[in-house]
Amino acid sequence: MSDDEEGQAGAEAARAAWGRIDAWLRKWGPDSYARLAPPAEPGAIAAAEAALHTRSPAELRASLGCHDGVGGEGGCR
């Protein structure tokens, strides 16, 4: 498997994991689910990568494409 294929597989796994997490939180932790931030804008991810002079792993970019952290009181934003 090439590095690109490996990155794509990891990104798909990250998105699938967030799908399961989201479903669980909607059912069992709706307050926590409500605190999840919307997806990061692709431009914001690219800007962060440029500022850090690095390319983030595909899994991290995919995760940020699902939720860009949490908001509200006690959030990590």
Side-chain angles (χ1 to χ4, degrees):
M1 184 180 286
S2 72
D3 286 348
D4 189 48
E5 291 171 326
E6 211 170 290
Q8 284 298 331
E12 289 173 19
R15 284 188 289 272
W18 269 114
R20 292 187 302 275
I21 293 165
D22 286 348
W24 190 95
L25 284 174
R26 278 192 298 271
K27 182 173 183 176
W28 301 104
D31 292 340
S32 294
Y33 178 75
R35 290 183 49 217
L36 291 174
E41 294 292 327
I45 296 170
E49 291 174 336
L52 295 170
H53 306 286
T54 190
R55 177 111 166 122
S56 299
E59 297 86 349
L60 176 58
R61 291 192 310 276
S63 183
L64 291 170
C66 295
H67 296 289
D68 188 12
V70 296
E73 188 176 320
C76 298
R77 290 189 108 192

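Residue V70 is grouped with residue W24 when hydrophobic side chains (ILVMFWY) are merged at heavy-atom distances under 4.5 angstrom, including chains of intermediate members. At a threshold of 4.5 Å between side-chain heavy atoms, the hydrophobic network of Ile, Leu, Val, Met, Phe, Trp and Tyr places I45 and L52 in two separate groups.
No donor-acceptor pair closer than 3.5 Å links the side chain of E49 to the backbone N or O of T54. At distances below 3.5 Å, not a single donor-acceptor pair connects side-chain atoms of E12 with backbone N or O atoms of A9.
The line from CZ of R35 to CG of L25 is 11.0 Å long, rounded to the nearest 0.5 Å. Atom CG of L64 is separated from atom CH2 of W18 by 9.5 Å, given to the nearest 0.5 angstrom.
Annotation: side chain of H67 is not in contact with side chain of P38 (no heavy-atom distance under 4.5 Å). Within the 4.5 Å cutoff, the side chain of L36 has no heavy atoms near those of the D68 side chain.
Contacts of P57 classified as side-chain contact (heavy atoms from CB on, under 4.5 Å), with partners at least two apart in sequence or in another chain: E59, L60.
Taking every heavy atom of both residues into account, G7 and A58 meet most closely at O-CB, 3.3 Å. Closest approach of S63 and A14 over heavy atoms only: N-CB, 4.5 Å. Taking every heavy atom of both residues into account, A11 and A62 meet most closely at O-CB, 3.6 Å.
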